Structure formats: C-alpha cells, structure tokens
Amino acid sequence: MALRRLSAFRPQPRRVTTSARVRAIPPTVFTRMSALAASTGAVNLGQGFPDTDGPSTVVDEAVRALRNGHNQYAPGPGTADLRRAIAAHQWAHYGITLDPDTEVVVTTGATEAIAAALLGLVDPGDEVIALEPFYDSYAAMTAFAGGVLKGVTLQAPDFRLDPAALEAAVTKRTKVLLVNTPHNPTGTVLGREELEAIARIAVAHDLVVVTDEVYEHLAYSGHEHVPLATLPGMAERTITLSSVGKSFSLTGWKVGWATGAAELVNAVLGAKQWLSFTSGAPLQPAVAWALEHERAWPASLAGELEARRDLLCDGLDALGLPTRRPEGTYFAVSDISGLGWDDGLSFCLALPERAGVVAIPLQGFYAEGSREGQQLVRWAFCKQPAVLEEALRRLGAVDLRP
C-alpha cells in the first residue's frame with residue numbers, strides 16, 4: 001500500500017532554470033560554424049585563430065614558469081612584472097605613460113576585459129554606442145550589465161565612420177562609446193580624422209570611451225594604428241583593452257589587459273575580481289617576456305598576414321565574390337548579393353556541405369533588429385597559404401549560386 005502511495009508522486013517537469021538574460025542572447029555564431037567545420041571536414045575560415053603558434057621563445061618561458069613554481073594564484077590585478085611590461089609597451093609604442101600599480105590590470109583575455117569594463121561602468125538603462133558591425137560579446141555584455149546597445153553603422157563597402165551619425169546617436173542616457181580599431185569584422189583602421197571626431201564627441205558629451213585594440217599591431221601598409229588615449233582630452237576618459245593573443249599568435253592563452261586612468265582601471269578591476277579574479281599564472285611571466293624581448297615579432301607577423309590577405313582577396317575576387325581589402329586584422333569581407341542568395345547566413349550554412357569551406361555571416365554582428373549586413377560574409381586569412389589556396393580551390397570547384 002505504501003509503495004502504491006509513493007508511486008502516485010510522479011516527478012513533475014522542472015521549470016526552465018536558465019536566466020532570462022541568457023535566454024535573450026543567442027549562442028555565438030562562432031560555435032555553430034566551427035561545429036559545422038568539424039562535422040563536415042571543411043576548411044575553417046570562420047573563427048579567427050591562427051593555425052601556427054607564436055614565438056617558440058615565449059612558449060619556452062611559459063614552460064620555465066610552470067616548472068619554477070608559478071602554478072598558484074597570481075595577484076588579482078596581475079603579476080607586477082607583467083603590469084610593468086604592459087606599461088613599458090604602451091610607452092615604447094605610443095608614448096603613453098602609465099603607473100603599473102594603479103593604471104594597468106591583467107584580464108583573462110580581452111573578452112573578459114570587455115565584460116569587466118561594461119559591468120564596471122554601465123548601470124541599468126545606460127546607453128552604450130558601438131561601431132557596427134561589432135564583435136558579438138559587445139551586445140551580450142551590454143545586456144548583462146542592463147545597458148542599452150546602440151549601433152552606429154560603418155557603411156559598406158568602405159566601412160568608414162560618419163561623425164554626424166555618431167553625434168546624432170548620443171543622448172542624455174549615453175555613457176559609453178565602445179570603439180574597436182583595427183576593426184573586427186570589417187578590417188577598417190580608423191584614421192586620425194575619424195578618431196579626432198570620436199574624441200570631440202566624447203569630450204563634448206562627457207562620455208567614457210572603451211577602446212578594443214586587440215589588433216593594434218596588425219595594421220597593414222599605408223595604415224597606422226593610433227590609440228584614442230593619445231588624443232587631446234582622452235587619456236582621462238579612455239580605457240584601452242588589448243591582449244597577447246592576436247599580436248603574438250597565442251589566442252588560446254587568454255591573457256589580456258586594460259589600461260587607463262586609475263579610476264577607470266579600478267572600475268574594471270572591481271568587476272573582474274568577481275569574474276575570474278585571476279588566471280594564467282604561469283603564462284603571465286611569459287607574456288611579460290614577450291612584450292619586453294620579442295617586440296619585433298608582431299611586425300613580422302603583420303607582414304606575413306598582409307601577403308595572405310592579398311592571396312585570399314585576389315582569389316575571392318576572381319571567383320565573383322567582391323571582397324574589400326582590409327586595412328588590418330585577420331578578416332576580409334565579401335558581398336555575396338551578386339550570387340543570388342537571400343542572406344549571408346543561408347550562404348554560410350550551405351557552404352560547408354557544398355564547397356567544404358566555412359565562413360561567418362556578418363548579419364549577427366549588428367544591433368538587434370538591424371537589416372544591415374545581410375549580404376556580407378567574413379573570411380579569416382590568419383591561416384597558412386596552403387590552407388587558403390585549398391579553400392579557394394574548393395570554392396572554385398562548385399557553383400556558388402543558390
């Protein structure tokens with residue numbers, strides 16, 4: 001009888017436990033497209049990671065740190081040696097003076113730096129203006145902070161900033177300008193006049209500027225990366241983010257940093273301490289060594305990537321995919337509208353099975369509800385020339401129309 005009574009208590013379906021904030025944000029497109037690459041054996045020109053490692057000397061330093069006891073928690077703001085090396089890097093390259101004790105914080109890659117900056121600076125209802133198309137974590141972390149993301153579009157095919165559009169987007173609720181240069185995904189390197197316009201608007205409206213400069217050393221011939229913090233009136237209102245990943249082809253290390261005025265860095269640290277607190281203890285001495293002893297390596301990498309950019313862009317143009325030659329970063333953008341597809345997502349979902357190549361649709365890099373970028377597709381050229389040649393061969397062997 002007791003058993004019969006117990007059997008009457010059937011388990012009820014559990015309520016949905018995922019938070020509304022997570023449910024409201026779609027999974028990153030990179031996970032979906034990389035899974036397609038793996039399942040189809042496609043050449044992955046979607047996710048931006050190199051297929052060769054950075055300097056072996058830097059890897060050796062990490063091994064040495066592992067064997068010499070750097071395996072426990074590092075200080076929350078980062079090791080003193082790495083913070084000093086980051087400050088020295090900013091001075092050597094840009095003439096920026098920083099106090100490594102109060103104006104530098106080490107993060108778990110630039111992605112955590114973005115998250116910590118937005119969580120540390122944005123209150124619910126605050127507006128964040130970003131240049132779109134934008135890296136998808138910008139939208140996710142603005143939403144997590146309770147902010148409202150507004151996009152100012154870099155219009156195809158040139159992807160240049162319209163200062164009037166940026167000025168028009170600012171309201172009394174705007175608190176943060178989120179700027180990325182060299183720009184992912186378009187490859188635009190903002191010129192001095194564009195940066196001066198951003199600075200003028202930021203000063204006039206008393207805005208904080210968060211600059212994502214992870215591709216700082218990957219600007220190509222005829223183009224120069226100029227940090228916004230070096231412009232008049234910007235040092236005290238700019239938090240600059242970067243990392244070792246792109247400059248030294250060590251993307252999996254996830255060691256990044258934020259630099260700027262002590263008040264802004266403290267806001268980042270205030271949020272970061274509740275995210276990772278610290279990470280990569282044996283990697284931090286190696287990154288410090290890279291910044292101090294391998295300063296020429298990123299320039300050499302940029303030269304190699306520029307040649308690969310040309311290889312890919314020339315090949316795509318020849319296949320009837322008009323492709324803008326990027327000024328920096330890992331990425332080139334093609335317009336597929338001439339092929340007859342409705343949008344880039346449909347094209348990219350079909351491409352692995354049809355041609356054995358993976359690319360990324362740009363439409364997910366715009367603010368919610370935007371109709372911009374429907375016809376645009378991003379390709380990564382941070383791969384060995386043989387890989388790029390194989391991808392072009394596969395694309396050229398099939399009919400790319402719907």
Side-chain angles (χ1 to χ4, degrees), residues 48-50 52-94 96-117 182 211-218 225 227 229 239-260 265 268-269 272-273 275-302 304-305 329-330 382:
F49 58 86
T52 54
D53 288 343
S56 60
T57 55
V58 181
V59 176
D60 291 342
E61 288 298 317
V63 172
R64 186 174 293 108
L66 283 163
R67 297 196 180 281
N68 289 342
H70 293 271
N71 299 303
Q72 310 308 325
Y73 293 131
T79 64
D81 285 349
L82 179 51
R83 285 183 281 119
R84 283 193 293 266
I86 293 165
H89 170 275
Q90 295 299 92
W91 169 253
H93 288 281
Y94 310 118
I96 296 173
T97 302
L98 296 167
D99 180 345
D101 292 330
T102 61
E103 297 180 324
V104 180
V105 60
V106 177
T107 60
T108 307
T111 300
E112 187 192 44
I114 293 163
T211 61
D212 177 351
E213 301 182 12
V214 294
Y215 294 98
E216 60 183 309
H217 295 300
L218 302 182
H225 170 62
I239 190 80
T240 302
L241 316 180
S242 194
S243 81
V244 73
K246 304 302 191 299
S247 296
F248 288 89
S249 293
L250 296 167
T251 60
W253 284 23
K254 300 298 289 180
V255 177
W257 49 83
T259 64
V265 167
V268 175
L269 181 59
K272 179 238 170 14
Q273 68 180 326
L275 296 172
S276 65
F277 183 72
T278 186
S279 61
L283 300 178
Q284 292 191 36
V287 174
W289 197 92
L291 293 177
E292 292 170 347
H293 299 282
E294 290 283 4
R295 286 183 179 174
W297 201 90
S300 174
L301 173 64
E304 294 176 5
L305 287 172
T329 77
Y330 284 170
C382 52

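Computation of the quantities below employed the complete heavy-atom set of this structure, encompassing side-chain atoms and omitting hydrogens, waters and symmetry-equivalent molecules. In this chain, residues are counted from 1 in sequence order. On a predicted model such as this, the values are computed, not experimentally measured, just so you know.
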Next item on the list: Only counting residues at least two apart or in another chain, list the ones meeting ring-ring contact (aromatic ring centres under 6.0 Å, His included) with Tyr94.
Entry: His225

Notebook entry, point to check: With a 4.5 Å limit on heavy-atom distance, are the side chains of Leu66 and Asn71 in contact?
Noted result: yes

Next item on the list: Under the ring-ring contact (aromatic ring centres under 6.0 Å, His included) rule, collect the residues that match up with His217, sequence neighbours excluded.
Entry: His89, His93

Notebook entry, point to check: Does Pro50 have any side-chain contact (heavy atoms from CB on, under 4.5 Å) partners at least two apart in sequence or in another chain, and if so, which?
Noted result: Ser249, Thr251, Tyr330

Checklist line | For Ala290, all residues meeting side-chain contact (heavy atoms from CB on, under 4.5 Å), sequence neighbours excluded | finding: Val58, Phe248

Checklist line | Nearest-0.5 Å distance that lies between atom CD1 in Ile239 and atom CG in Asp212 | finding: 12.5 Å

Item checked: Residue list, salt bridge (charged side-chain N to carboxylate O under 4.0 Å, His left out) with Glu292, at least two apart or on another chain -> none

Notebook entry, point to check: What is the minimum heavy-atom distance between Thr278 and Gly76, and which atoms define it?
Noted result: CB-CA, 4.3 Å

Notebook entry, point to check: Shortest non-hydrogen contact from Trp257 to Thr107?
Noted result: N-OG1, 3.4 Å

Checklist line | salt bridge (Lys or Arg N to Asp or Glu O under 4.0 Å): pairs with one or both residues in residues 56-78, sequence neighbours excluded | finding: Glu61-Arg64

Item checked: Side chains of Leu218 and Thr329 in contact at under 4.5 Å (non-hydrogen atoms) -> no

Next item on the list: Report the residues that fulfil salt bridge (charged side-chain N to carboxylate O under 4.0 Å, His left out) with Asp101, sequence neighbours left out, ordered by chain and then residue number.
Entry: Arg83

Checklist line | Smallest separation among heavy atoms of Thr79 and Ala74, with atom names | finding: CG2-CB, 4.0 Å

Check: So, does Glu216 use its side chain to make a donor-acceptor pair with the main chain of Ser243 at under 3.5 Å?
Finding: no

Item checked: side chain to side chain donor-acceptor pair (under 3.5 Å) against Asp99, all qualifying residues, sequence neighbours excluded -> Thr102

Next item on the list: Could you check if a side-chain atom of Thr57 sits within less than 4.5 angstrom of a side-chain atom of His293, using non-hydrogen atoms only?
Entry: no

Check: For Ser247, which residues count as a side chain to side chain donor-acceptor pair (under 3.5 Å) partner, sequence neighbours excluded?
Finding: none

Check: Residues two or more places apart in sequence or in another chain: which of them pass side chain to side chain donor-acceptor pair (under 3.5 Å) with Glu103?
Finding: none

Check: Do you know the tightest heavy-atom contact between Ala117 and Val268?
Finding: CA-CG2, 3.9 Å

Notebook entry, point to check: Who are the salt bridge (charged side-chain N to carboxylate O under 4.0 Å, His left out) partners of Glu112, not counting sequence neighbours?
Noted result: Lys272

Checklist line | Side chain proximity check, Thr111 to Lys254, heavy atoms < 4.5 angstrom | finding: yes

Item checked: Rounded distance (nearest 0.5 Å) linking atom CG of Leu82 with atom CH2 of Trp289 -> 14.5 Å

Check: Stepwise, does the side chain to side chain contact (heavy atoms under 4.5 Å, CB included) test hold for Val104 with Val265?
Finding: CA-CA 7 Å; Val104 180; Val265 167; 6.0 Å; no

Notebook entry, point to check: Hey, which of Ile96, Thr211, Leu98 is the one that makes side chain to side chain contact (heavy atoms under 4.5 Å, CB included) with Thr240?
Noted result: Thr211

Notebook entry, point to check: Where is the tightest heavy-atom contact between Thr108 and Ser276, given as atom of each residue plus distance?
Noted result: OG1-OG, 3.1 Å

Next item on the list: Just grab all the salt bridge (Lys or Arg N to Asp or Glu O under 4.0 Å) pairs involving residues 239-251, residues at least two apart or on different chains.
Entry: none

